[in-house]
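Heads up: the structure comes next, in structure tokens.
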Amino acid sequence: MAVPIFVSAGAIADDLVGPAAFTPTPPTHQANDILIASLWNEGGSKPSTATDGWTEIATGAGTADATWYWKRAAAAGTAGPDVTAADTDCFGLVYVFRNCNTILTPYEAPTTSGDGGTTDTTPDTAAITTLGHSRLVVAFLNHGDDIAFASDNPPAGWTQNDTTLTADGTDAGFTVISKQVSQSNLVAAAVFGTWTTGEAYWALTLALIPNNDTPLNNYKFPSSVSAGIISVTEKIK
């Protein structure tokens, strides 16, 4: 059973003169990979896209805003989303994940944390509950400034997948951590790490669903059908 995996992170794209417009390029990927665009606007307006196939996962709105979008790649070379925002400085990049569900929405329990305004030295993931087997729980952190963690990153039991920073404009940073969860379970909130100075942030925590978790795996037969199956089984015995 293949658990979803983190593949890679693309480079940060940005627009430092409002209204913002830019396109982050996905890193190398293949058909059925899940692309997740992680966006941050220091200016305090929602980063959005109307690009075909990109679907919003969640948004955090505050003094600074963050939005996450996803798309299932039809093949290698999928274009990134055309991001717009009412003001700047706006930043974004695209991550690639593999072995995710190829039929349904490939994630569950998306939950944001942070507020985009209050500064903090210990940004947190959200607590979520996974709904099935072989999940990859992923936490995305978007923040102002290009500060790196001084300690405690990643938290115990988590894997540090990527941290990408930019000194362009007002600066920004993006971090991804993940952990495998074998069965339905509560995944407690965790601290991404410790900064030496407080920063505003938004985070998104979700669970990626494996490719073999299809509607058939979770389908519950009507009671009449179940009774018939039991009857035939008993006769065979």
Side-chain angles (χ1 to χ4, degrees), residues 2-15 19-41 45-61 65-88 90-112 128 130-132 134-142 161-162 164 166 172 174-176 178 202-218:
V3 178
I5 60 171
F6 172 83
V7 177
S8 60
I12 294 176
D14 59 48
D15 190 320
F22 63 93
T23 303
T25 300
T28 301
H29 56 275
Q30 62 190 35
N32 288 322
D33 282 350
I34 298 303
L35 312 179
I36 295 182
S38 193
L39 310 172
W40 172 263
N41 189 5
S45 62
K46 176 181 176 178
S48 61
T49 184
T51 306
D52 185 52
W54 289 88
T55 302
E56 183 177 332
I57 302 172
T59 290
D65 286 24
T67 308
W68 294 266
Y69 288 86
W70 79 276
K71 182 173 186 176
R72 182 178 289 112
T78 304
D82 295 329
V83 178
T84 60
D87 50 25
T88 58
C90 197
F91 308 85
L93 76 170
V94 178
Y95 300 107
V96 177
F97 296 87
R98 190 161 294 159
N99 300 335
C100 300
N101 193 292
T102 60
I103 300 174
L104 304 175
T105 298
Y107 61 84
E108 63 196 14
T111 307
T112 59
I128 67 168
T130 58
L131 304 178
S134 303
R135 271 35 176 180
L136 182 73
V137 176
V138 185
F140 304 88
L141 173 65
N142 303 2
N161 297 127
D162 183 76
T164 303
T166 178
F174 299 86
T175 287
V176 177
S178 65
W202 279 108
L204 169 67
T205 307
L206 53 74
L208 291 173
I209 302 170
N211 185 32
N212 59 350
D213 198 357
T214 64
L216 182 60
N217 295 127
N218 295 322

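Nothing here was measured: the structure is a model prediction, and the numbers come from that model. The figures that follow rest on heavy atoms only: side chains count, while hydrogens, waters and symmetry mates do not.
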For the pair I36 and I57, evaluate side chain to side chain contact (heavy atoms under 4.5 Å, CB included) and give the outcome as yes or no after the intermediate values.
CA-CA 9 Å; I36 295 182; I57 302 172; 4.2 Å; yes
Report yes if the side chains of Y107 and L204 come closer than 4.5 Å at any heavy-atom pair, otherwise no.
no
Heavy-atom closest pair (G80 atom, T23 atom, distance to 0.1 Å) is O-CG2, 3.6 Å
The side-chain hydrogen bond (donor to acceptor under 3.5 Å, both in side chains) partners of W68 (sequence neighbours excluded) come to S38
Side chain to side chain contact (heavy atoms under 4.5 Å, CB included) involving P4 - partner list, sequence neighbours excluded:
C100, L136, L208, P210
Least distance between heavy atoms, T78 atom then P26 atom
O-CG, 3.4 Å
Is a donor on one side and an acceptor on the other found under 3.5 Å between the side chain of R72 and the backbone of N101?
yes
Specify the closest pair of heavy atoms between F91 and F22, including all atoms of both residues, with the distance to one decimal.
C-CZ, 3.6 Å
Validation row: I209, R135 side chains within 4.5 angstrom (heavy atoms)
yes
Verdict with reasoning, S178 to N161, per side chain to side chain donor-acceptor pair (under 3.5 Å)
CA-CA 7 Å; S178 65; N161 297 127; 2.7 Å; yes
Quick check: do P81 and L35 have side-chain heavy atoms less than 4.5 Å from each other?
no
May I have the list of side-chain donor-acceptor pairs in residues 5-15 shorter than 3.5 Å, sequence neighbours left out?
unit_1, atom_1, unit_2, atom_2, d
D15, OD1, V17, N, 2.9
D15, OD2, A21, N, 3.0

Under 3.5 Å donor-acceptor, K71 side chain and D52 backbone:
yes
When rounded to the nearest 0.5 angstrom, what distance separates CG in L39 from CZ in F174?
7.0 Å
Sorted by chain and number, sequence neighbours left out, side chain to side chain contact (heavy atoms under 4.5 Å, CB included) with E56 holds for K46, T59, T67, Y69
Contact summary for E108 and G132, nearest pair of heavy atoms
OE2-N, 4.0 Å
Full working for side chain to side chain contact (heavy atoms under 4.5 Å, CB included) between V138 and L206
CA-CA 6 Å; V138 185; L206 53 74; 4.3 Å; yes
Return the minimal non-hydrogen interatomic distance between A20 and C90, and the atom names on each side.
CB-CB, 3.7 Å
Tell me whether D65 contacts the main-chain N or O of N41 through its side chain, where contact means a donor paired with an acceptor under 3.5 Å.
no
Pairwise distance CH2(W40) to CG(L93) - rounded to 0.5 angstrom
14.0 Å
Would you call the rings of F140 and F97 parallel, tilted or perpendicular if under 30° counts as parallel and over 60° as perpendicular?
perpendicular
No-hydrogen, no-angle side-chain donor-acceptor test under 3.5 Å, D87 and S45:
yes
List in chain and number order the residues that pass side-chain hydrogen bond (donor to acceptor under 3.5 Å, both in side chains) with T49, two or more places apart in sequence or in another chain; answer none if no residue qualifies.
T51
With sequence neighbours excluded, residues passing side-chain hydrogen bond (donor to acceptor under 3.5 Å, both in side chains) with T164:
D162
